[in-house]
Structure formats: structure tokens, C-alpha cells
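First the structure, in the form of C-alpha cells, and then the observations on it.
Below, read A as the first sequence line, B as the second, and so on, with proteins coming before strands; counting in each chain starts at 1.
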Amino acid sequence: MPELPEVETVRRTLKNFVLHKTIDSIEVRYPRIIDGDVETFVSTLIHQSICDIDRYGKYLIFILDHDVFISHLRMEGKYNIKMKDEPYDKHDHIIFHMTDGTDLRYNDTRKFGRMQLVDKEHYREYPPLNRLGQEPMEASFDYIYPRIHQSHLPIKQLLLDQSIFTGIGNIYANEICFRMGMDPRTRGDRLSKKRILELIEVSSTILKEAIAQGGTTIHSFDANGIHGLFQVTLSVHAQTTCSKCKGPIKKITIAGRGTYYCPHCQKRRY
DNA sequence: CCGGACGCCTGAGGGC
DNA sequence: TGCCCTCAGGCGTCCG
């Protein structure tokens, strides 16, 4: 599941392949990927060039000549660059045919991903982007602190709430709790100012480290497409043995999500 | 208004 | 070997 660092890697990789290319036509093989009117989406975007690709949280933001559309990869969304005569994969759902004979193909096994047109000038002020909180790397204490400190929900769940921090998914939420030495069930209102300051710092550091690791794959993509799922070093997520104390990792469910933690290294409930 | 439950999907994996 | 059932998981929506 691509989280902020993977989406950032996809963004950088994609820019190398599609910048300044012009969309000739769009094939929509599975319409539900597109939020809003499909015909409008297609007719608006054709004949426009891709000027830039931006990102906010886990959203990719495609800036065209006169319009902007956003793309969320959800669980398994990925992009491929192929020549137009190459056969489609069964999970290629949206095909952007470029005027230079290449295709930008959106592939998504589970069909959870979404694309939609947004207002070119003010897209950050409208849904869904205006519902997002702050990216950990740019988060301010004044914004984050009350949202954590006034909640009785477990910190793991709060880390996944995109209206507080945006960009953190299940994997990095587990990793952040681990590096904090914090039990993921710890209630938000039990964290002190100092610990929340530390939480912002740790979250930012972990995402930056992951982006740096993804940087090594920036100029290439393999047969699986541009999905940003480079090899990140995980300390606790999906592990069986703790990377620190070598004790057993425990798996529990918090808010319906698989949560891995080390009962020895993450005892602190505050 | 807050938060829990559900729906959207498919393939992997377990049970038999 | 193969079929069927269950389930993960981000996020929008529904509902209590």
C-alpha cells in the first residue's frame, strides 16, 4: 500500500517519463476509478499537456495546461509506461494515449484507486484535499497537538487519521510507534506536549528516510510498474522478531488494522 | 458531532 | 489437486 514516501517516489519517477507529453485520447476500461462524470473527465483532459506532477499526502496531482486532476493509488494502484501497441494487462483500467505513441496506463488489481478533476487554482480548498491535515515533514505543533491531546483514541488510530497527519498509512504508523518506544494502544490524551513534539519529529524522520531510500530507484521502474514499493527497511511491521531486542513481535488489531509491536520495547503507555 | 460499521475489490492462503 | 471460504486494507458513506 503506497504511503507518502512511495507516492513521492512514483511522482518523481513519473515526471521523468510523462512531463510535457500531450494526451491524445483516454480509454476508460473501468469507469468507477473516476469520480464524477467520466465523459467530462475525458473530454476535459484530451489535447492537454502534462506540465507538472505534484503531491499532497498520498494524492498525486497532475497539473495540465488548463486543468488539474488528482489520483489516489489506495491499496495497489500503479502506473506503467508502455508503447501503445503493447497488449493490456487485465488490470489496466485507465489508459492515457500520448501523442508520441506511448501510453500512461493506470493499473490497479483491487480497483480501489480513484481519479478526479479538481479546480485548477483552488483545489486545496475543496474536497477531498481540504480534508487533509498536515504532512509530518511540515507539521506544526499548534495544529497537531490539540488533535492528539484531545482524543481518547489509540495513537495508532490517530496516526492513520488523514485529517491530522496526512500521508501516514498502516506500515509507517507501526514503524513510528516502534521508534517512539510506544505501545500503539496508548490514548492520545495520555501523551505529553513533549512526547507529541517528539512524535512529529519521529514521523517526519521516518518518512524522510523512506523517501531517501526510494530515491535510489527514481530513474527506473520494473515490469511491475511505477508503484514506489522499493525495499524499505522495516523494524516491526510484518516482522516476527524484534529488530532491537530479538524478542517476539505481537500482532493485534486496532481500528480494524493489523498492528505489529514489540511488547518488550513498546511498553510505554504514559 | 463523533466514531464504529460497512462497502468497494481481488488474490492469497487456509481448511478439507 | 482443487474448490470454497475468509480476509486484508484506505477511505467515503451511512448510521446510531
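Phosphate proximity of B:dG3 to A:Q157: absent, as no side-chain N or O sits under 4.0 Å from OP1 or OP2. Taking only side-chain nitrogens and oxygens, A:H91 never comes nearer than 4.0 Å to OP1 or OP2 of B:dT10. Residue A:K58 places at least one side-chain N or O closer than 4.0 Å to OP1 or OP2 of C:dC11. Contact annotation: A:R114 side-chain N/O to C:dG12 OP1/OP2 distance is not under 4.0 Å. Between C:dG10 and A:Q162, no contact under 4.0 Å exists linking OP1 or OP2 to a side-chain N or O. The side chain of A:K251 places no N or O atom within less than 4.0 Å of a non-bridging phosphate oxygen (OP1 or OP2) of C:dA8. OP1 and OP2 of C:dG10 both lie 4.0 Å or more from every side-chain N or O belonging to A:R110.
Regarding A:I171, its CD1 atom lies at a distance of 9 Å from the P atom of C:dG9, rounded to whole Å. Here the P atom of nucleotide C:dG9 and the OH atom of A:Y172 are 15 Å apart, to the nearest Å. Here the P atom of nucleotide C:dA8 and the CZ atom of A:R257 are 11 Å apart, to the nearest Å. Atom-to-atom, CG of A:D161 to P of C:dG10 comes out at 13 Å; the value is rounded to the nearest Å. Per the geometry, CG belonging to A:D108 stands 13 Å off P belonging to C:dC11, to the nearest Å. Atom NZ of A:K156 is separated from atom C1' of C:dG9 by 11 Å (rounded to the nearest Å). A straight line from CZ of A:R32 to C1' of C:dT13 spans 13 Å, rounded to a whole angstrom. Distance A:L132 CG to C:dC11 P: 8 Å, rounded to the nearest Å.
In this pair, A:H91 and A:H93 present their aromatic rings perpendicular. The plane angle is above 60°, beyond the 30 to 60° band. In this structure, A:F69 and A:F96 have parallel ring planes: the angle between them is below the 30° cut-off, well short of the 60° mark.
Across all strands, A:H152 comes closer than 4.0 Å only to sugar-phosphate atoms, never to a base (heavy-atom distances). Contact annotation for A:G258: backbone-only contact, meaning every heavy-atom pair under 4.0 Å involves sugar-phosphate atoms and none involves a base.
The side chain of A:T109 approaches B:dG11 more closely than any other nucleotide in the set B:dG11, C:dG9, C:dT13. In this structure, of C:dG9, B:dT10, C:dC11, it is C:dC11 that holds the atom nearest to the side chain of A:H72.
Remark: side-chain polar atoms of A:Q266 are not paired, donor with acceptor, to backbone N or O of A:P184 under 3.5 angstrom.
Applying the ring pair (Phe, Tyr, Trp, His ring centres under 6.0 Å) test between A:H237 and each of A:Y261, A:F178, A:Y260 identifies A:Y260 as the sole match.
Ion pair A:E135/A:R55 flagged as a salt bridge, since at least one NZ, NE, NH1 or NH2 atom sits closer than 4.0 Å to an Asp/Glu carboxylate oxygen.
B:dC8 has A:F112 stacked on its base ring, the centres lying under 5.5 angstrom apart and the planes within 30 degrees of parallel.
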